[in-house]
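First comes the structure, then the notes that go with it.
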Amino acid sequence: MRPRALGQPAQERIWAAVAAIPRGRTASYGAVARAAGLPGRARMVGRALGAAPAALKLPWHRVITASGRIAFPRGSRLHAEQTRRLKREGLAVERGRVRVAVPRSLDALLWGAPRW
DNA sequence: TGTATGACCCTGA
DNA sequence: CTCAGGGCCATAC
């Protein structure tokens with residue numbers, strides 16, 4: 001028996017939750033954890049993303065911290081990469097902080113931001 | 001077996 | 001807004 005890292009099911013639920021984040025929207029690590037049935041385990045989300053096979057093509061860039069910031073250190077390669085991808089989806093990113101560029105509806109205004 | 005380390009979060013000061 | 005403290009838990013050493 002091969003030691004299952006992190007517990008297969010949990011990791012896969014996290015991947016599924018991330019895959020479900022709509023384009024142009026974001027979700028916090030904690031929100032993804034809750035959506036995956038793992039409340040309080042936000043750290044596991046980052047770990048699962050790092051371990052995710054590239055073939056899954058997950059929208060990992062749509063996952064940010066609860067405070068609306070990019071989790072990677074400023075100046076790091078991944079920080080730049082995530083910023084680029086978010087901007088390409090129409091989101092405004094300034095100093096590592098993500099802001100809704102253009103709210104498309106009242107719903108977006110009321111329900112926008114991190115939660116989903 | 002024990003300690004350290006994070007793609008985190010929440011509360012309080 | 002920042003900072004510290006405590007919680008979380010799979011991994012690495």
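Convention: sequence-line order gives letters A, B, ...; per-chain numbering from 1.
Taking only side-chain atoms of A:M44, from C-beta outward, the nucleotide of B:dC9, C:dA10, B:dA7 with the closest atom is C:dA10.
For DNA chain B, the neighbouring residues in residues 54-62 of chain A, judged by any heavy atom under 4.0 Å, are A:W60.
With rounding to whole Å, A:R43 atom CZ is found 8 Å from B:dA7 atom P. For the pair A:Y29 OH and B:dG6 P, the interatomic distance rounds to 14 Å; values are reported in whole Å. Rounded to whole Å, atom C1' of B:dC9 lies 14 Å from atom CD1 of A:I64. When rounded to the nearest whole Å, the span between CG of A:L38 and C1' of C:dC9 equals 11 Å. A:R77 places its CZ atom 13 Å from the C1' atom of B:dA7, with the value rounded to the nearest Å. Distance, A:R69 CZ to B:dA7 C1': 14 Å, rounded to whole Å. Rounded to an integer number of Å, the gap from CG of A:L78 to C1' of B:dG6 is 14 Å.
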Can you list, pair by pair, the side-chain donor-acceptor contacts under 3.5 Å of residues 54-62 of chain A, counting residues two or more places apart and other chains?
from  : atom 1 : to    : atom 2 : distance (Å)
A:H61 : NE2    : A:E89 : OE2    : 2.9
A:R62 : NE     : A:I21 : O      : 3.2
A:R62 : NE     : A:P22 : O      : 3.4
A:R62 : NH1    : A:E89 : OE1    : 3.0
A:R62 : NH1    : A:E89 : OE2    : 2.5
A:R62 : NH2    : A:I21 : O      : 3.1

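Nucleotides B:dA7 and C:dG6, compared at atom P, are 22 Å apart to the nearest Å.
When the side-chain contact (heavy atoms from CB on, under 4.5 Å) test is applied to A:R84, the partners found at least two apart in sequence or on another chain are A:E81.
Counting non-hydrogen atoms under 4.0 angstrom, A:R41 reaches the backbone sugars and phosphates but no base.
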